[in-house]
Protein chains: 2
Amino acid sequence: MSELPPIAVRFDDPACADAAQPFRVGDKWTGVVLRCLEDGAARRFGELRAALPWITAKVLTETLRSMERSGFLARSAYDENPPRVEYALTPLGRSLLGPLDTACAWARAHGTEIGDARAAYTGDRPVA
Amino acid sequence: MSELPPIAVRFDDPACADAAQPFRVGDKWTGVVLRCLEDGAARRFGELRAALPWITAKVLTETLRSMERSGFLARSAYDENPPRVEYALTPLGRSLLGPLDTACAWARAHGTEIGDARAAYTGDRPVA
DNA sequence: CGGTATCCACGTTGATACTG
DNA sequence: CAGTATCAACGTGGATACCG
């Protein structure tokens with residue numbers, strides 16, 4: 001299985017610019033994990049860690065547990081040495097990808113307008 | 001201008017069941033405010049308050065400020081007695097409605113599956 | 001009417017260290 | 001390798017009271 005490239009901070013990445021990203025899927029990191037698994041392949045914990053170096057192991061674990069609990073992904077543990085654990089999207093998890101794409105498309109089309117609006121915002125509240 | 005009906009807790013309402021609602025737009029209440037203004041009409045602060053009685057004035061003010069700052073809505077204050085302030089979506093704010101509908105459609109189609117998955121979840125992690 | 005000011009409880013994130 | 005334990009820091013959200 002090929003290594004996942006680290007997910008750079010992209011505009012359509014919920015990890016970056018929460019400020020400029022009005023759409024969120026699930027918890028803070030759910031969207032990025034979905035992106036890591038969107039091709040349908042199963043990934044090991046370490047692969048996900050390597051792809052998302054800015055998430056601590058603890059938070060990644062919590063995110064994966066939460067997604068598992070909601071039925072978005074399935075966890076498979078193999079009793080080997082060294083241990084191996086794999087995560088893959090379920091059909092329910094894959095069903096999130098469409099709306100996620102819609103949100104990302106919005107961000108690509110309009111995201112910069114948010115920054116423009118904030119830059120232009122003075123806090124003045126003229127009286128009509 | 002007609003009174004806004006209170007927004008009941010609907011499944012596609014981000015206010016209810018954060019747990020079962022994986023999509024969020026902006027801050028906690030941004031989505032509901034968008035819904036209140038989606039018809040394009042301007043609403044007074046008090047109208048929004050009445051429609052969203054479960055949001056405190058402070059938090060509603062913060063939400064409106066944040067949305068104004070991001071360019072999602074425009075605030076108009078009229079120097080009258082008693083004071084009048086109106087909020088209306090900007091074109092940028094209206095552009096959010098499409099993705100919001102997509103997210104709500106997902107929730108209607110798949111939302112119950114999350115609850116099912118949680119009910120079925122035992123925390124057992126069988127070893128393969 | 002349309003807000004602010006103040007204070008607080010809570011949940012989430014994060015750093016660090018440790019383990020089967 | 002794939003986690004867990006612990007603790008600290010922070011931001012959000014909410015209750016209440018007051019103001020121009």
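Only a predicted model underlies this, so the values are computations on that prediction, with no experimental measurement involved. Protein chains get the first letters and strands the later ones, always in sequence-line order, with residue 1 at the start of each.
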Original post:
Which part of the nucleic acid does B:Arg84 contact within heavy-atom distance under 4.0 Å: base, sugar-phosphate only, or nothing?
Top reply: sugar-phosphate

Subject >> Side-chain N or O of B:Arg65 closer than 4.0 Å to phosphate OP1/OP2 of C:dT4 >> reply: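 So the side chain of B:Arg65 is within the cut-off, an N or O lying under 4.0 Å from OP1 or OP2 of C:dT4.
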
Using atom [atom1] of [X] as one end and atom [atom2] of [N] as the other, report the distance to the nearest whole Å.
X: B:Arg43; N: C:dC1; atom1: CZ; atom2: P; answer: 17 Å
X: B:Tyr87; N: C:dG2; atom1: OH; atom2: P; answer: 9 Å
X: B:Glu86; N: C:dC1; atom1: CD; atom2: P; answer: 14 Å

Min and max contacting nt of DNA chain D in 5' to 3' order, chain A heavy atoms within under 4.0 angstrom, are D:dC1 to D:dT6

According to salt bridge (Lys or Arg N to Asp or Glu O under 4.0 Å), who are the partners of [X], at least two apart in sequence or on a separate chain?
X: B:Glu113; result: none
X: A:Arg84; result: A:Glu80, A:Glu86
X: B:Asp101; result: B:Arg35

So, using side-chain contact (heavy atoms from CB on, under 4.5 Å) as the criterion, who are the partners of [X] when residues are at least two apart?
X: A:Arg75; result: A:Arg65, A:Glu68, A:Ala77, A:Val85, A:Tyr87, B:Arg125
X: B:Ala88; result: B:Ala42
X: A:Thr102; result: B:Pro99, B:Thr102
X: B:Arg69; result: A:Arg118, A:Tyr121

Double-helix bend of the helix from C:dC1-D:dG20 to C:dG20-D:dC1, axes at both ends from 5 pairs, round to 10°, gives 50°

The side-chain hydrogen bond (donor to acceptor under 3.5 Å, both in side chains) partners of A:Thr90 (sequence neighbours excluded) come to none

Please enumerate all residues that pass side-chain hydrogen bond (donor to acceptor under 3.5 Å, both in side chains) together with B:Thr61, with sequence neighbours excluded.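 B:Thr61 satisfies side-chain hydrogen bond (donor to acceptor under 3.5 Å, both in side chains) with no residue once adjacent residues are dropped.
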
Query - Aromatic plane relationship, B:Trp106 with B:Phe23 - under 30° parallel, 30 to 60° tilted, over 60° perpendicular - result: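 B:Phe23 and B:Trp106: perpendicular rings.
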
Candidate pair B:Leu48 and B:Leu37, rule side-chain contact (heavy atoms from CB on, under 4.5 Å), full reasoning:
CA-CA 9 Å; B:Leu48 297 173; B:Leu37 295 170; 4.3 Å; yes

Per-nt protein contacts along nucleotides 11-16 of chain C (heavy atom under 4.0 Å; B base, S backbone sugar-phosphate only, - none) come out as --BBB-

